[in-house]
J.: 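Quick one: the structure is below, and I'll ask about it shortly.
Excluded from the calculations below are hydrogen atoms, water molecules and symmetry mates; all remaining heavy atoms, backbone and side chain alike, are included. The sequence lines fix the lettering, A, B, ..., with proteins before strands; numbering per chain opens at 1.
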Number of protein chains: 2
Amino acid sequence: MKHGPSIARIGALVGDPARANMLTALMSGQALTAGELAIEAGVAANTASGHLAQLLDGGLLAVEKQGRHRYFRLAGPDIAETLEALMDLASRNGGRRTRPGPKDPELRRARVCYDHLAGEQGVALMARMTAGKLLALGDGSIEMTAHGERHFAAFGIDVAALKSASRPVCRSCLDWSMRRPHLAGGLGAALLTRIVHLGWARRLPASRIVRFVPSGEKAFAKLFA
Amino acid sequence: MKHGPSIARIGALVGDPARANMLTALMSGQALTAGELAIEAGVAANTASGHLAQLLDGGLLAVEKQGRHRYFRLAGPDIAETLEALMDLASRNGGRRTRPGPKDPELRRARVCYDHLAGEQGVALMARMTAGKLLALGDGSIEMTAHGERHFAAFGIDVAALKSASRPVCRSCLDWSMRRPHLAGGLGAALLTRIVHLGWARRLPASRIVRFVPSGEKAFAKLFA
DNA sequence: CCAATGCTTCGGCGATCCCCGAAGCATGCC
DNA sequence: GGCATGCTTCGGGGATCGCCGAAGCATTGG
């Protein structure tokens with residue numbers, strides 16, 4: 001017992017303000033350099049290095065080197081999920097927020113969670129895809145149906161590429177603002193990318209907000225309906 | 001930025017091994033005394049007092065005095081939800097666990113989450129209730145239908161008492177093992193209580209496992225189907 | 001090649017926090 | 001009423017950890 005449970009380890013990692021700031025900055029799924037994260041955290045570069053090493057060691061971050069630059073990102077969407085849970089809990093306890101949380105109507109409406117669409121729009125899309133049998137729910141898992149494959153391909157998704165990638169195609173991501181799942185995984189990410197590419201919505205800089213244009217919102221509401 | 005975000009505050013509270021042990025011990029929704037929590041945490045009584053004060057101040061725990069005894073419990077089911085998220089994340093990162101986590105097949109199958117049924121059985125029940133129109137899903141909310149009221153009353157649930165209580169009747173609780181919601185709120189709790197009262201299942205001592213007897217499992221599978 | 005930049009490592013400092021013994025207050029039981 | 005028990009508060013000790021300056025290594029661009 002004296003060694004503490006492993007939730008303490010995760011908690012301690014999140015529990016430092018500088019590290020919390022870094023994690024928050026990475027919530028939109030973008031990768032940032034060590035220097036950028038140092039600025040986000042408001043600490044010196046060498047201090048940031050120490051923090052980043054801990055987050056890497058703890059499995060919360062992943063890193064890729066590009067020349068002298070090291071790009072850090074969240075190690076997976078589950079990290080984003082858990083951080084969203086913590087944000088939700090913190091907002092309920094009157095804690096100060098670094099940024100508008102899911103109480104922000106726009107973030108509740110549509111936001112980026114790691115690399116896929118979350119919020120009301122994300123959950124609504126998920127509901128349409130399951131109701132329309134494009135996705136099949138199993139025990140804790142989700143699979144694309146053959147019927148769904150055709151629809152996704154028609155929408156411009158490279159389904160073969162999704163299937164050959166190493167990450168799961170479909171994954172249920174728990175949505176804290178809606179308390180129901182939205183779609184994550186390769187397909188979830190591809191759908192968001194496609195929606196942005198079509199100009200239906202755009203991502204606001206330095207924010208997780210996904211803002212639909214009026215015509216895009218109409219088109220989206222019909223998608224897979 | 002130097003003040004850190006509020007997720008850091010929650011993280012720091014969870015990040016101490018003694019406090020993490022206390023929170024874990026309270027996951028089943030039962031209330032424990034300060035002395036019992038001191039034992040769970042493996043620290044002296046006065047140390048435990050300090051920790052409990054912090055958890056109270058942070059809004060993670062609530063307390064009720066009964067004579068010289070102080071009974072602590074989690075401040076709400078959202079705390080349990082978030083702790084489950086942390087447990088899930090910790091288990092994915094190869095961290096040590098104090099107890100079998102949701103990787104335990106029995107816990108995945110059926111377990112107590114705060115005061116209601118979670119796991120495969122909890123999620124399956126939720127699916128039956130929504131598919132059968134006993135519950136209606138709104139934007140982030142769940143409501144009991146009139147149709148559902150009759151069914152719940154027939155099952156032995158005091159619906160009027162639920163409605164007059166101060167807590168929400170229906171609440172979606174995100175299930176980390178199944179990645180879909182199970183039912184929380186007054187109704188969720190009442191259903192678990194009823195199931196146990198009927199002898200369909202029982203709660204294992206000092207554990208969150210809910211174990212169905214064979215006949216109870218059969219009856220449960222037909223409930224609201 | 002050299003200077004600038006990005007990043008990591010080392011070492012020391014200081015703040016914080018958890019630990020428990022001791023003491024005190026409240027409650028319950030005989 | 002006295003004693004035992006539950007719990008909290010106070011104070012001191014020691015461990016931990018985040019901080020940054022300095023130094024070193026790697027990469028990039030002129």
Side-chain angles (χ1 to χ4, degrees), chain A residues 1-26 30-58 60-73 98, chain B residues 1-26 30-58 60-73 98:
Chain A
M1 284 294 191
K2 281 281 176 76
H3 303 292
S6 50
I7 63 167
R9 185 170 174 233
I10 305 282
L13 287 176
V14 175
D16 173 73
R19 289 198 292 274
N21 277 325
M22 290 177 175
L23 293 166
T24 304
L26 294 170
Q30 290 161 352
L32 296 175
T33 62
E36 287 168 326
L37 288 168
I39 291 168
E40 288 287 339
V43 293
N46 53 4
T47 302
S49 275
H51 287 306
L52 292 168
Q54 286 188 61
L55 294 171
L56 279 174
D57 186 55
L60 298 190
L61 295 189
V63 65
E64 282 177 30
K65 284 172 66 176
Q66 287 185 24
R68 64 187 170 183
H69 290 279
R70 304 192 78 191
Y71 283 89
F72 293 88
R73 54 182 169 79
T98 52
Chain B
M1 283 295 190
K2 284 281 178 75
H3 305 290
S6 50
I7 63 167
R9 184 167 173 236
I10 306 280
L13 288 175
V14 176
D16 174 73
R19 287 197 293 274
N21 278 325
M22 289 177 177
L23 292 167
T24 306
L26 295 170
Q30 288 162 354
L32 297 174
T33 61
E36 288 169 325
L37 288 168
I39 291 168
E40 287 288 338
V43 294
N46 51 6
T47 303
S49 277
H51 285 307
L52 292 168
Q54 285 186 63
L55 293 170
L56 279 174
D57 186 57
L60 299 190
L61 295 188
V63 65
E64 283 178 29
K65 283 174 63 174
Q66 286 185 28
R68 63 189 172 181
H69 288 279
R70 304 192 77 192
Y71 283 89
F72 294 87
R73 54 182 169 79
T98 53

J.: Does A:N21 use its side chain to pair, donor to acceptor, with the backbone of A:P17 at less than 3.5 Å?
T.: yes

J.: Just the rounded figure in Å: distance from P of D:dC17 to CG of A:D57.
T.: 13 Å

J.: Identify the heavy atoms of B:L61 and B:L26 that sit nearest to each other, and give their distance.
T.: CD2-CD1, 3.5 Å

J.: Rounded to the Å, how far apart are B:R9 CZ and C:dC17 P?
T.: 12 Å

J.: Tell me, for nucleotides 3-10 of chain C in 5' to 3' order, what letter each nucleotide earns: B for a base near a protein heavy atom under 4.0 Å, S for only sugar-phosphate near one, - for neither?
T.: -BBSSBB-

J.: Give the angle between the helix axes at the two ends of the helix from C:dC1-D:dG30 to C:dC30-D:dG1, taking five base pairs at each end and rounding to 10°.
T.: 30°

J.: Take atom NE2 of A:H51 and atom P of D:dT16, then tell me their distance rounded to the nearest Å.
T.: 18 Å

J.: What is the distance, to the nearest angstrom, from the CD atom on A:Q66 to the P atom on D:dT27?
T.: 13 Å

J.: Can you list the residues that meet the salt bridge (charged side-chain N to carboxylate O under 4.0 Å, His left out) rule with A:R70, with sequence neighbours excluded?
T.: none

J.: How close do B:D16 and B:H51 get, counting heavy atoms only, and between which atoms?
T.: OD2-CE1, 3.2 Å

J.: Checking side chain to side chain contact (heavy atoms under 4.5 Å, CB included) between A:F72 and each of A:L32, A:L52, A:T33, which is the one that passes?
T.: A:L52

J.: Is there a donor-acceptor pair closer than 3.5 Å between any side-chain N or O of B:R19 and the backbone N or O of A:A8?
T.: no

J.: Given atom CD1 of B:I39 and atom P of D:dT5, what is their separation to the nearest angstrom?
T.: 13 Å

J.: Can you tell me how far the CD1 atom of A:I10 sits from the CD1 atom of A:I7, to the nearest 0.5 Å?
T.: 9.5 Å

J.: Any chance you could measure B:L60, atom CG, to B:R9, atom CZ, to the nearest 0.5 Å?
T.: 8.5 Å

J.: For a quick check of understanding: with a heavy-atom distance under 4.0 Å over all strands, which category does B:Q54 fall into, base, sugar-phosphate or nothing?
T.: sugar-phosphate

